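Worksheet: the structure to be examined is printed underneath.
Residues: numbered from 1 along the sequence shown. Quick caveat: nothing in here was measured; it's all calculated off a predicted structure.
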Amino acid sequence: MLQDHLLNVAIRTKEILNQVLPSDCQHREAILNTGYLIGLTHDLGKSTQYFQDHLNEGEQGVLTHHS
């Protein structure tokens, strides 16, 4: 499901950032939280009815692009 995918990407993004950021990074928490939010929202366009119709029925159009 899309919501599971988004949550997993958000968690994994934060984990990766936590590993690569120096512990003394001045804006560490802000970067971790921003990465989490980006992961959580990166595919929201896939939840639109236009994109779902594209997946399920092959409909094409300018509104089917999920990005």
Side-chain angles (χ1 to χ4, degrees):
M1 299 216 42
L2 181 59
Q3 64 190 21
D4 296 329
H5 167 68
L6 294 174
L7 185 57
N8 288 332
V9 170
I11 291 168
R12 187 67 182 127
T13 300
K14 192 170 183 178
E15 289 172 351
I16 291 169
L17 286 171
N18 192 45
Q19 292 172 359
V20 300
L21 286 174
S23 59
D24 61 348
C25 179
Q26 182 179 6
H27 302 289
R28 182 179 181 77
E29 284 303 310
I31 294 169
L32 292 173
N33 290 334
T34 301
Y36 182 87
L37 290 173
I38 290 169
L40 194 61
T41 59
H42 82 279
D43 265 346
L44 283 180
K46 288 184 178 177
S47 67
T48 66
Q49 190 61 51
Y50 304 107
F51 189 76
Q52 292 301 307
D53 290 345
H54 169 67
L55 288 178
N56 298 321
E57 301 167 21
E59 291 187 23
Q60 297 288 331
V62 69
L63 296 176
T64 62
H65 300 287
H66 72 280
S67 60

Between [atom1] on residue [X] and [atom2] on residue [Y], distance to nearest 0.5 Å:
X     : Y     : atom1 : atom2 : value
His5  : Leu40 : NE2   : CG    : 10.5 Å
Met1  : Leu6  : CE    : CG    : 10.5 Å
Leu55 : Tyr50 : CG    : OH    : 15.5 Å
Thr13 : Leu37 : OG1   : CG    : 10.5 Å

Q | Residue list, side-chain hydrogen bond (donor to acceptor under 3.5 Å, both in side chains) with Gln60, at least two apart or on another chain | A | His54
Q: With sequence neighbours left out, write down each residue that passes side-chain hydrogen bond (donor to acceptor under 3.5 Å, both in side chains) with Glu29, or none if nothing qualifies.
A: none
Q) With sequence neighbours left out, what residues match Arg28 under salt bridge (charged side-chain N to carboxylate O under 4.0 Å, His left out)? A) none
Q: Apply salt bridge (charged side-chain N to carboxylate O under 4.0 Å, His left out) to Glu15 and list each qualifying residue two or more places apart in sequence or on a separate chain.
A: Arg12
Q.
To check you understand the geometry: which heavy-atom pair defines the closest contact between Ala30 and Thr34, and what is its length?
A. O-OG1, 2.7 Å
Q: Indicate the atoms forming the closest heavy-atom contact of Gly45 with Phe51, along with that distance.
A: O-CB, 3.7 Å
Q: State which residues pass side-chain contact (heavy atoms from CB on, under 4.5 Å) with Gln26; sequence neighbours excluded, sorted by chain then number.
A: none
Q) How would you list, by chain and number, every residue that makes a side-chain contact (heavy atoms from CB on, under 4.5 Å) with Ile31, sequence neighbours excluded? A) Leu17, Leu21, Cys25, His27
Q | Among Val9, Ile11, Asp4, side-chain contact (heavy atoms from CB on, under 4.5 Å) partner for Leu7 | A | Ile11
Q | Side-chain touch Leu63/Thr48, heavy atoms, less than 4.5 angstrom | A | no
